[in-house]
Amino acid sequence: MHDLVIRGGTIVDGSGAPARSGDVAIDGDRITSAEGKAGPARREVDATGKLVTPGWVDIHTHYDGQVTWDPYLTPSSWHGVTTLVMGNCGVGFAPAKPDKRQWLIGLMEGVEDIPGTALAEGIAWQWETFPEYLDALEKMPRALDVAAQVPHGAVRAYVMGERGARNEKATSEDIEAMAAIVRDGLTAGAVGFTTSRTLLHRAVDGEPVPGTFASEDELLGIGRALGEAGHGVFELASDLMPEDPELAWMEKLARATGLPVTYALLQQDMDPGQWRRMLEATERAARNGAPVRAQIAARPTGLLMGLESTAQPFMAHQTYRAIAHLPLEERVRRMRDPQVRRAILDEQVQFDNPIMGMILNAFGKMFPLGDPPNYEPAAEESIAAVAAREGKTPHEIAYDHLLQRGGRELLYLPLLNYSNFDFEPIREMLLHPQTVIGLSDGGAHCGIICDAGTPTFLLTHWARDRRRGERLPLEHLVHRQTRHTAEFYGFRDRGLLAPGMKADANVIDFERLRLGLPEIVYDLPARGRRLIQRATGYTATVKSGEVIFREGEPTGALPGKLLRGPQAA
Ligand SMILES: [Zn+2]
């Protein structure tokens, strides 16, 4: 008698092998068989006509604060994620001296757009060191397995104080002290070390993340701690400018430690061919024995601009600013007043920050998101193109769009990965051997981006709905977000439906699988705001042998654990 059998589904096992029909039998928290007919069970999930896959393993999230108060980690858990990795891009909440707590919150708020008030109210700070942070996480019940990485920003401020926070150069003693902290963190169970080298990532006070300008000595000095600990991924977000020296130190580090280095790679409009050069160089590095991987996204980094978002085209207009504080309903009523509309549309705005001005006026690349959301719109669907056709200004079209659905409509601005107005570069990246899927940024960018639904999008768009180019095989997509991501972080016990593996699985009604419309809700601590996106079609999500979600609703089962370090097969 098995504990649980998922009966009669189409098994896509995570290995990349062709789908097959059969039963998945589970005993305790392990899979005992994943083919043919299974015997009777105490509980069954009927998977007739449905897909059965491993649970998704998302390696790029920012739940470092939320994980301390929310056992469910939505939106990721709504999308079938059963294991996730946090602490990316150099930001997180340990180590943390008591007098640096507020500063770390400001760093997270600035870089990842997570409301500082929510973090301040939500985090109980039962730790100072990184190992103490892990102990605190371990004590809390949760639905998913989570793994943490040591963030450079926190380590630098911890060791170097103000000098570290202000990005002064690290001395050799500083580097040694930082390396020791990272080594202790890894020994206690961290699964990696992360850093930020992009000027886009700034604390609320405008200061780039500590470590942004770190020298090769510092990066390699800390990176060697991974080699000494014998495990861990080195993750970074970099502007990749210039690209050759950046890749050179990554290669050097990966070769020295034998451990993976992964950097965020997205197509940038300023240099739309860079991603391909980077992939070629990354492949060369891999051939020369340096395990460097480009971390890629399954869709563009898309800003979702609405009246309740962090940004929208009229946010700097004087007349809008005068009513910006009003509740949404009242604001919409005022904006519908023809006089107010005229005033806002007529105002010329000077931006202190030219990049902000460019983004808010990028009407040629701004689209109505649509329902169902369309993440791959054609150029002729842009606000600028619609305006030209209708003989209006792009501002008018954008304004009226934002007022639809009671002021909840969103404009989609694919900032990265969309230079050519199609997904061909992403498709190549998804097929490339030296890439790994990440960058969903679950838990982050709460007021402007919501890509935590990436796993669902991989299936709906890439395997089923794409019309403007080739689709990708379902088996490949499932592999890439299960066994592939799991193995990259050394989680060899999961990501496959096979005997002996962790019993993490999704039962998916593929025909019914849909992404909901992204929406703003105020459900973080202190009524903090966040964008969420739900999904329909996940019949059940199983974690360690227990059904944790059924049709999008939590069952109350909390079998999740903190993962300490790599997991043996
Ligand atoms: Zn990130």
Side-chain angles (χ1 to χ4, degrees), residues 56-67 73 75-76 79 81 83-94 104-115 119 146-156 190-204 208-212 214 232-240 246 250 260-268 293-304 310 414-417 429 435-455 457 481 485 488-489 530-531:
W56 313 137
V57 179
D58 185 341
I59 61 168
H60 194 120
T61 75
H62 294 278
Y63 289 112
D64 310 77
Q66 193 176 333
V67 75
L73 300 178
S76 291
H79 295 274
V81 173
T83 301
L84 56 81
V85 179
M86 320 173 292
N88 284 284
C89 303
V91 290
F93 298 110
L104 284 169
I105 286 174
L107 183 62
M108 187 61 92
E109 179 168 23
V111 174
E112 303 293 348
D113 191 19
I114 301 174
L119 295 168
V146 300
Q149 303 175 97
V150 187
H152 197 177
V155 174
R156 214 170 193 271
V191 297
F193 170 78
T194 71
T195 192
S196 172
R197 300 174 65 69
T198 168
L199 290 172
L200 294 175
H201 285 167
R202 291 169 189 264
V204 274
V209 180
T212 301
V233 172
F234 190 115
E235 182 269 349
L236 65 141
S238 167
D239 287 330
L240 301 172
E246 277 295 88
M250 290 187 231
V261 174
T262 180
Y263 66 94
L265 182 66
L266 295 145
Q267 184 186 39
Q268 312 193 39
R293 284 275 190 107
Q295 193 169 130
I296 56 157
R299 68 184 187 208
T301 305
L303 305 189
L304 298 175
T310 304
L415 205 55
L416 298 159
N417 270 358
M429 289 189 234
T435 60
V436 61
I437 294 178
L439 309 185
S440 81
D441 272 342
H445 306 296
C446 299
I448 195 78
I449 302 173
C450 189
D451 288 337
T454 285
F457 182 77
Q481 62 177 335
T485 40
F488 187 66
Y489 267 85
R530 62 173 182 150
L531 265 167

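One-based numbering, in listed order, for ligands and for the atoms of each. Values in this document were obtained by computation on a predicted structure and should not be read as measured data.
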> Do Ser238 and Glu246 pass the side chain to side chain donor-acceptor pair (under 3.5 Å) test, and can you show the C-alpha distance, the side-chain angles, and the key distance before you say yes or no?
Replying inline: CA-CA 8 Å; Ser238 167; Glu246 277 295 88; 2.7 Å; yes
>> Show, in sequence, the C-alpha distance, side-chain angles and deciding distance for His60 and Asp441, and conclude whether the side chain to side chain donor-acceptor pair (under 3.5 Å) test is met.
In response: CA-CA 6 Å; His60 194 120; Asp441 272 342; 3.2 Å; yes
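Within a radius of less than 2.8 Å around the Zn ion (ligand 1), the protein N, O or S atoms are His60 NE2, His62 NE2, Cys89 SG, Asp441 OD1.
Of the possible donor and acceptor atoms, one in the side chain of Gln149 sits under 3.5 Å from a partner among the backbone N and O of Met86. In this structure, Asp64 contributes its side chain and Gly87 its backbone to a donor-acceptor pair below 3.5 Å.
The aromatic rings of His445 and His62 sit perpendicular to each other, their planes meeting at more than 60°, with 30° as the lower class boundary.
Of the listed residues (Val436, Leu416, Leu240), just one forms a side-chain contact (heavy atoms from CB on, under 4.5 Å) with Leu265, and that residue is Leu240.
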